[in-house]
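This report refers to the structure that appears directly beneath it.
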Amino acid sequence: MTKPTKIAKYSEEQLRAKLQEIPGWYLEDGWIRRQYKTDGWPSTLLLVNQIAFLSEAAWHHPDLSVTWAKVTVKLMTHSENGITDRDFELAKKIEEVALWRPEAGAALEGTPNKFVMSGGQ
């Protein structure tokens, strides 16, 4: 059996630069984090399930904090005790899917509800 390959961790300076690529995500206590606001419990559960699906498909699992109208995502590569490309790739995918809306004039109308919104730190 082969030994798992070490994955390169980002330094704090590298992290700050890399976080510029995904607005809304920030570094706190050794994790990259993002807060999403929703219009209520049903949308919160939809968002949590969407994150769970992406995470399981990627085989990389975030920590989530879930309340009535808010979801906070925390990513860190546990095996490396730090932030790696795995975290950034999953963060980008979560961001892309969570905030996706049909384009104006497209065949899909999109929900008239607020649904999932970018949250503050």
Next item on the list: For Tyr36 and Glu95, test the side chains for any donor-to-acceptor distance below 3.5 angstrom and give the result as yes or no.
Entry: yes

Next item on the list: Please round to the nearest 0.5 Å and tell me the distance separating atom OG of Ser118 and atom CZ of Arg34.
Entry: 3.5 Å

Name all residues meeting the salt bridge (charged side-chain N to carboxylate O under 4.0 Å, His left out) criterion together with [X]; count only those two or more places apart in sequence or in a different chain, and write none if there are none.
X: Arg86; answer: none
X: Lys92; answer: Glu21
X: Glu96; answer: Lys93

Item checked: All side-chain contact (heavy atoms from CB on, under 4.5 Å) counterparts of Glu56, not counting sequence neighbours -> Trp59, His61

Margin query: Tell me every residue that passes side-chain contact (heavy atoms from CB on, under 4.5 Å) with Glu13, counting only those two or more places apart in sequence or in another chain.
Written below: Ser11

Show me the side-chain donor-acceptor pairs of residues 42-50 shorter than 3.5 Å, one per line, residues at least two apart or across chains.
from, atom 1, to, atom 2, distance (Å)
Ser43, OG, Asp39, OD1, 2.5
Thr44, OG1, Thr38, OG1, 2.6
Thr44, OG1, Gly40, O, 3.1
Thr44, OG1, Trp68, O, 2.8
Asn49, ND2, Leu45, O, 3.0

Notebook entry, point to check: Where is the tightest heavy-atom contact between Leu90 and Ser55, given as atom of each residue plus distance?
Noted result: CD2-OG, 3.8 Å

Next item on the list: Specify the closest pair of heavy atoms between Val71 and Ile51, including all atoms of both residues, with the distance to one decimal.
Entry: CG1-CD1, 4.2 Å

Next item on the list: State, yes or no, whether a side-chain contact exists between Trp41 and Val66 at a heavy-atom distance under 4.5 Å.
Entry: yes

Check: Can you get from Val97 to Ile32 by hopping between Ile, Leu, Val, Met, Phe, Trp and Tyr side chains that sit under 4.5 Å apart?
Finding: yes

Next item on the list: Can you tell me which residue pairs pass the side-chain hydrogen bond (donor to acceptor under 3.5 Å, both in side chains) test with a partner in residues 97-110, sequence neighbours excluded?
Entry: none

N/O donor to acceptor pairs below 3.5 angstrom from side-chain atoms of residues 72-79, sequence neighbours left out:
from, atom 1, to, atom 2, distance (Å)
Thr77, OG1, Thr84, OG1, 2.6
Thr77, OG1, Asp87, OD1, 3.4
Thr77, OG1, Asp87, OD2, 2.7

Note to self: Do Lys18 and Phe88 form a cation-pi contact, if we require the NZ or CZ to be under 6.0 Å from the six-membered ring centre and within 45 degrees of the ring's axis?
What the structure shows: yes

